[in-house]
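Report on one structure; see the data block that follows.
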There are 2 protein chains.
Amino acid sequence: MKRSVTINDIADHAGVSRSTVSLVLRGNPRISDDTRERVRHSIRELGYTYNRNAANLRSQTSQAIGLIINDLRNPFFTELTASIEEAADARGYFVYLVQSRESPERQNRLVQSLVEHGVAGMIICPATGTDRDLFDRLHLQKTPVCIAVRPWPDERFDFSGPDNFRAGQLAVDALVAQGHRRIAFLGGERGNPSRDDRLAGYFSALQKNGLRFDDALTVASRPTRTSGIDDLEQVLALADPPTAALCYNDFVAISVMHGLRRHGLEPGRDMALIGFDGMPEAEMSHPTLSTILLDAESVGSNAAALLMNRIANPEAAPSRWIETPKLILRESIGTAPDRGTAAL
Amino acid sequence: MKRSVTINDIADHAGVSRSTVSLVLRGNPRISDDTRERVRHSIRELGYTYNRNAANLRSQTSQAIGLIINDLRNPFFTELTASIEEAADARGYFVYLVQSRESPERQNRLVQSLVEHGVAGMIICPATGTDRDLFDRLHLQKTPVCIAVRPWPDERFDFSGPDNFRAGQLAVDALVAQGHRRIAFLGGERGNPSRDDRLAGYFSALQKNGLRFDDALTVASRPTRTSGIDDLEQVLALADPPTAALCYNDFVAISVMHGLRRHGLEPGRDMALIGFDGMPEAEMSHPTLSTILLDAESVGSNAAALLMNRIANPEAAPSRWIETPKLILRESIGTAPDRGTAAL
DNA sequence: GTTAGTTGGTAGAACGATCTAACAGCAGAA
DNA sequence: TTCTGCTGTTAGATCGTTCTACCAACTAAC
């Protein structure tokens, strides 16, 4: 931070006014080639570095946006973050990356701090349990905000996220098409709106296919790298265990695969599995994992685009980008289950 | 950015001077409880938000650090970034996250821009092909810098990273202990200093174990999610293919597993595999992947700690944190190869 | 009754840029 | 000759804070 040479020093050295130097720095065409060169020369001579914060203070602008995610280690958020960084960079913005770690209190603190730092806007993936007040405040102070990934019932903001309801339906339909009739939904944290929507899609598709909903077949848990194993135990212990499962995300699914092997069961053959997210590792598992692709890259770049529009045009009506999920069939979908076939 | 109510408005409203408000905001004890309360009340009343940039301009401070990595999608960098964010947050700092995408030119631009934004310091994972000039400039302008992950021959800066040489040795020793005598080194980009060090460790351990080095057994390639397959093809085509392989990282290793299956070979049984990084997915692959754990979390938190020390104490002698790699044996290490056993 | 020290607060410059309004100097038109 | 308009440049205020130096009022000591 030791800053010594300023625009004033350049002005003195080049024998022009402070204003002129400023105009040169910003490439204003009104400055003659002659002066421009003299100023440029002084800049190199003195080793000047531009102080963007001072400029931003005066001009009330900012090249920074905030990104609040829950957990960078979740590959969906990794992909999201990477694509937002790329989109922001392409438009000359920097990204402040912060993790709320599913704590609404931390999230409040972070949002406040980002506002104090004068970000041009922010992209927020609301933590489970976020209070509405936060968004009331943001709306009040007219901070440009794009809500991402997690559906949030607030029509005042832009939104970019996957269609989780449709995703849930797609997954069930795929398993029903394989002849499955007892289908579990494993993993995900209760109260997580993404899970709720996938679950709602699951219910809806069960109904549409004339299947009975069995409460014992949906198991929730805190998402960790191994939680799927515990979730699986619960449904395997049932008198009439499921022949297939939707897993809250690909992590859970891969963890469930390991759980199955512990019981001497082969994923895909003894239980059909399908995950959500479409993370790259799904293609590398054994058996390869069927999944519902929720294109994080597209969600991210669209969130960035929405935010940029909002910054440029604060009064425009809020808009929504809903990413259509895509079914990716791989080995874990298996073939028709024995019982399923017998029952037909 | 629409900022209206400032410290002046608070001062007027509370009937005190601007200076007093500033002192209250910073919790200075010289202000009487009475005035403090009056000021606090006005702050709430008017809905004031602190402008940290203005404060930073005056006080020549900053709560932001820059983090330059190559590619966030690489799980090692994901983990590194997450842990740096956490360490920075714990100390009241924000992180500007940027990706150089292995382009030295982009990296130069980004560093320059971060300096202009007045970051307190930065953590840099040098892109392959970085020019020394960049660091000369940084050193000249006394920007606090910690180099991370990629070894970089510059004693003027702090460094935090794994011991890649030792890691290479460890991997070879583990395979030799299983009786392997033809060991390949697959993947990684030529010119990447991390790879070079692992390779040097590989050479050194081969020699130590009395094994002949065969140039045909080291294959380099641009790291993608599937490059391991191509690398594998090259060594399988040899008259005398290897019975085991070090893979540049866990990605490459998992990709090699898939390549083996395409040839009807079983990873672990027909070819022993060991990766580098210790990414969580390694535990979830089938067979589970042996790997050399290079603790990204530790590398990250130590990089953050070194940078913070540097910021607090710019004149201290540079220091280095070298993370000791750890061998993690899993199924992919297999058992002694047939030929290996026969040869004994 | 002067002096010295403490307590609580303030005025005005400063940080390093941009913005507004104006100003020479000159060309061309009336 | 005077006026108008353009070109290139500038002085001074300003953005929202902090910093330095100083001050008034009061207490305690000599």
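Convention: sequence-line order gives letters A, B, ...; per-chain numbering from 1.
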OP1, OP2 of C:dG9 versus side-chain N and O of B:Ser32: anything below 4.0 Å? yes
In this structure, how many angstroms lie between the P atom of D:dG5 and the CZ atom of A:Arg30, rounded? 15 Å
Go through the N and O atoms of the side chain of B:Arg58 and the base of D:dT17, and report whether any donor-acceptor pair is under 3.5 Å. no
Listed in order of residue number, which residues of residues 7-28 of chain A have a non-hydrogen atom at under 4.0 Å from DNA chain C? A:Ile7, A:Arg18, A:Ser19, A:Ser22, A:Arg26
Using a cut-off of 4.0 Å on non-hydrogen atoms, how would the nucleic acid contact of A:Ile31 be classed: base, sugar-phosphate, or nothing? sugar-phosphate
When you check the phosphate oxygens OP1 and OP2 of D:dT18, does a side-chain N or O of B:Gln60 lie under 4.0 Å from one of them? no
Between B:Arg38 and B:Ser59, which residue's closest nucleotide on DNA chain C lies nearer the 5′ terminus? B:Arg38
Is it true that A:Arg26 and A:Ser22 share a donor-acceptor pair across their side chains at a distance under 3.5 Å? yes
From OH of B:Tyr50 across to P of D:dT17 the rounded distance in Å is 8 Å
Roughly how many Å is it from CG in A:Asn53 to P in C:dT18, rounded to a whole number? 12 Å
How far does the helix from C:dG1-D:dC30 to C:dA30-D:dT1 bend, going by the axes of its first and last five pairs, to the nearest 10°? 70°
Can you see if the side chain of A:Thr6 gets near the phosphate of C:dC15 - specifically, an N or O under 4.0 Å from OP1 or OP2? no
By nearest atom, which of the nucleotides D:dT17, D:dT7, C:dG16 is closest to the A:Leu57 side chain? C:dG16
For A:Arg52 and C:dT18, give me the distance from atom CZ to atom P, rounded to whole Å. 9 Å
